[in-house]
Amino acid sequence: MRSARVSTGQLHDKRSGIGAALALWLLRQTVALLAQRERWFLLLPVPLAGGIACYFALAVEPPGWVLGVAVVGALGALVAARSRSLAGRATALTIAFLCAGFALAQWQTIRLDQPRPISPLTATIEGRVVLVEPRAAGARLTLDLTTRRDDLPERARVTARSLPDDLHVGDSVRLRARLLPPSEPVLPGGFDFGRWAYFHGIGAVGWAYGAVDRVGLADEAGLSVAEVRRRIARHAVSVLPGETGGVAAALLTGLRGDITERVWTVMQRSGLAHLLAISGLHIGLVAGTAFLFIRYAICLWPWLALRVAAHRVAAVAALLTALAYLLLAGAPVPTQRAFMMTGLVLVGLLLDRDAISLRLVALAACVVLAIDPAALFGASFQMSFAAVTALVAFYERWRWRRPDREAWWSQHIALYVLGVLVTTLVATIATAPFAVYHFGRLPTYGILANLVAVPLMAFWIMPLGLVALLLMPLGLDAPVLKLMGLGIDGVLWSATTATSWPGSNLSLPQPPVLAVLLLVLAGLWAAIWRGRLMRLAFVPVAAAVVVYLLARPPDVIVDRAGGMAVLRAGPDTYVLLAPEQDGFVLRGWRRALGIEETLAPGAPGRVACDGDGCRIADQGKSVRVATTGAGSRCDAEIVIDLAAAAACDDARTVSRAELDALGAVAVRLRNAEPLRFVYPDVTHRRPWQRQP
């Protein structure tokens, strides 16, 4: 008994010691956080994004009065933020930004609401052309519809093979079209094209039957910018034929319809696809080129340089140049975000403030989310801000001294190469989780490909492109465009070479959302805090790795139409059962599962196929995907019926009607609830979701 008492006392002392050590450790971290309270401002985008995420995470659309409650809550919290207590101010601001994010997201949903077709329909429609995107055969038109019906949206996107000659943006057209509601995710948790289309103002997609008739011409105001874009793109393709011209047209105008499928493939697999979409890199290069040119031009005139602030004049000129390039690119949402960030940098120069800092990045994120809350879930927003945040945080901590002017030219070149390598490495690491989540790919040699392509883009292609645009009204741009084409050829060579190497592109399954969130938390923590606090970022990184490794991909996926299914035959192999194959759905499955190809029924593995369908079993549980009404189709605990036959008496049967109502289904046999549909509820849907 005595020894037992001693052991209990020792255990109590040990627990007390652990508790005291933990309390001391927490106290030290709190002191460290208080010592860096000037960096708390950098956290403001987090509660704003959290409020937006809370709104989109709801299973049911909240009533309108919730918007009023959120607005009142945000205003009340801002008033409470005047508290003298530091903790009180921080808490009040957090609540204010949470409520503001929720209110902004709900208001955006209400503002963009429009009629949508519930099911596919065929109708004769009229509308004004908003955008013309050339394709290999015909074009894709975005139309503001003037035909008013309860089942027709305000804006639709249709593909047409036959167009009137010289169709301009702003022209009015009439066509017979098949219109469909924007598609839902191809598997639970997958990319939601319907949500993307809703927040881009597109209420229906489809294709045109026969020719498109022009019924009205655009007025001069509607013709200006859009027609200039189209003519520049056509001119670039005529001067630089082939793949080079398609890339040049995309870089000059943002119209990417002339880019071939081969170019898209090699650019994506080499990690250079970001160079094809006008983004922060392109806006920054155009503005930077204009800034440097104007500033050095002023400095070459001593009389003027002594009387004006050269950097301020150059900043204004660069801002106007970036605005012109934004309009020329069609002002898509990602380009607007890039312009806002570039504009904030230039405004910082005008005010003689630090032009590039994490405070600027935080402010830009808040502005972008306030204008477009749905951008939070887009790959463009996530990857651009991840890269910028990582780069700014990295160079704030680690700055190396530039070599003296008298240093050997080899030292300047070595420092430049090192800078490009480090910059590419940091940006690649920061964007890798999002690249895997959205695209299912990780370019192995992306750093080496960018080492060649980014300098060409920065110092050759974009400066020459800007000069070519200035010379086009004079008809003197052709030689400059050809020089620009040489740089584009170098970029394409870099992409093609990188993809030709073995193991050039890793296909990885889509990571769980929790793993991505943990990595985002780790990245923000490491970027914001200094000293020992930064080391705590390794905790969520380790947790994210564990979550990713423990995640199990679906054993079975069946599409909503009931025409296709994939069954997991092995760790990285799937058997495709496809009585009715849909290429769009299949590409989405391969991207989410991280596979290049699927196997045919009968391939070796744990999937057993026969004339009635396929069956898979794991740890005593089994699923059959049945394609006929034969009796053997009921030999599993779960039967997914693609034949619309009678239900099995002793099995959970998923009928085609249930698939049509609830969307695609994924089955994980080891889960307590193995079935997961795209829409868990048959009655309540969000405005952007396909209505029952």
Side-chain angles (χ1 to χ4, degrees), residues 42-59 61-62 66-67 70 74 93-112 182 185 189-202 274 277 279-280 332-341 344 358 360-390 430-439 510-525 527-528 544 686-689:
L42 305 179
L43 291 170
L44 286 182
V46 176
L48 184 66
I52 296 170
C54 287
Y55 168 78
F56 282 101
L58 295 176
E61 184 65 20
V66 176
L67 174 61
L93 284 175
T94 300
I95 295 174
F97 274 70
L98 277 170
C99 293
F102 190 99
L104 288 167
Q106 186 174 0
W107 169 244
Q108 185 186 29
T109 301
I110 295 172
R111 180 171 54 85
L112 294 177
F191 170 68
D192 193 345
F193 176 75
R195 184 174 65 187
W196 179 92
Y198 184 94
F199 289 101
H200 283 75
I202 298 174
H274 65 98
S279 59
V333 175
T335 311
Q336 293 177 26
R337 293 198 294 267
F339 173 76
M340 281 189 287
M341 292 192 66
L344 288 173
L358 284 178
L360 171 66
V361 177
L363 179 61
C366 289
V367 171
V368 169
L369 291 177
I371 295 174
D372 182 18
L376 176 67
F377 301 96
S380 173
F381 174 88
Q382 294 171 5
M383 298 182 74
S384 61
F385 273 97
V388 171
T389 302
T431 58
F434 304 104
V436 175
Y437 181 81
H438 289 286
F439 310 115
Q510 186 181 59
V513 175
L514 178 58
V516 178
L517 288 177
L518 287 170
L519 290 176
V520 171
L521 174 62
L524 289 175
W525 189 274
I528 292 174
R686 305 302 296 272
W688 55 85
Q689 295 175 341

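Remember, it's a predicted structure, so these values are computed and weren't measured experimentally. Each residue takes its place number in the sequence, starting with 1.
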Kindly assign one of parallel, tilted or perpendicular to the pair F199 and W688, based on the angle between their ring planes and the thresholds 30° and 60°. tilted
Between [atom1] of [X] and [atom2] of [Y], what distance do you get to the nearest 0.5 Å?
X	Y	atom1	atom2	result
L524	T389	CG	OG1	7.0 Å
Q689	D192	CD	CG	6.5 Å
T94	L48	OG1	CG	11.5 Å

Acceptor/donor pairs from residues 98-106 side chains to any protein atom, 3.5 angstrom cut, sequence neighbours excluded:
| residue | atom | partner | partner atom | Å |
| --- | --- | --- | --- | --- |
| Q106 | OE1 | L67 | N | 3.3 |
| Q106 | NE2 | P63 | O | 3.0 |

Kindly indicate whether the side chain of P687, heavy atoms from C-beta on, has any atom under 4.5 Å from the side chain of Y198.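 Side-chain contact under 4.5 Å: yes.
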Testing the basics here: between [X] and [Y], what is the closest heavy-atom pair and its distance to 0.1 Å?
X	Y	answer
Y437	V513	OH-CG2, 3.6 Å
P511	V516	CG-CG2, 3.9 Å
A379	F439	CB-CZ, 4.0 Å
A430	A390	CB-CB, 3.5 Å
I528	L43	CD1-CD2, 3.4 Å
A53	F377	CA-CZ, 4.0 Å

Residue list, side chain to side chain donor-acceptor pair (under 3.5 Å) with E61, at least two apart or on another chain: Y55, R686
Restricting to side chain to side chain donor-acceptor pair (under 3.5 Å), what partner residues turn up for Q108, sequence neighbours left out?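 Partners of Q108 by the side chain to side chain donor-acceptor pair (under 3.5 Å) criterion, ordered by chain and then number, come out as D372.
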How about CH2 on W525, more than 12 heavy atoms from neighbouring residues, nucleotides or ligands closer than 6.0 Å, or not? yes
Flag, side chain of Q382 to backbone of L376, donor-acceptor distance under 3.5 Å: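 The answer is yes, because a donor-acceptor pair under 3.5 Å joins these two groups.
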Is the distance between the ring centroids of F381 and F434 less than 6.0 Å? no
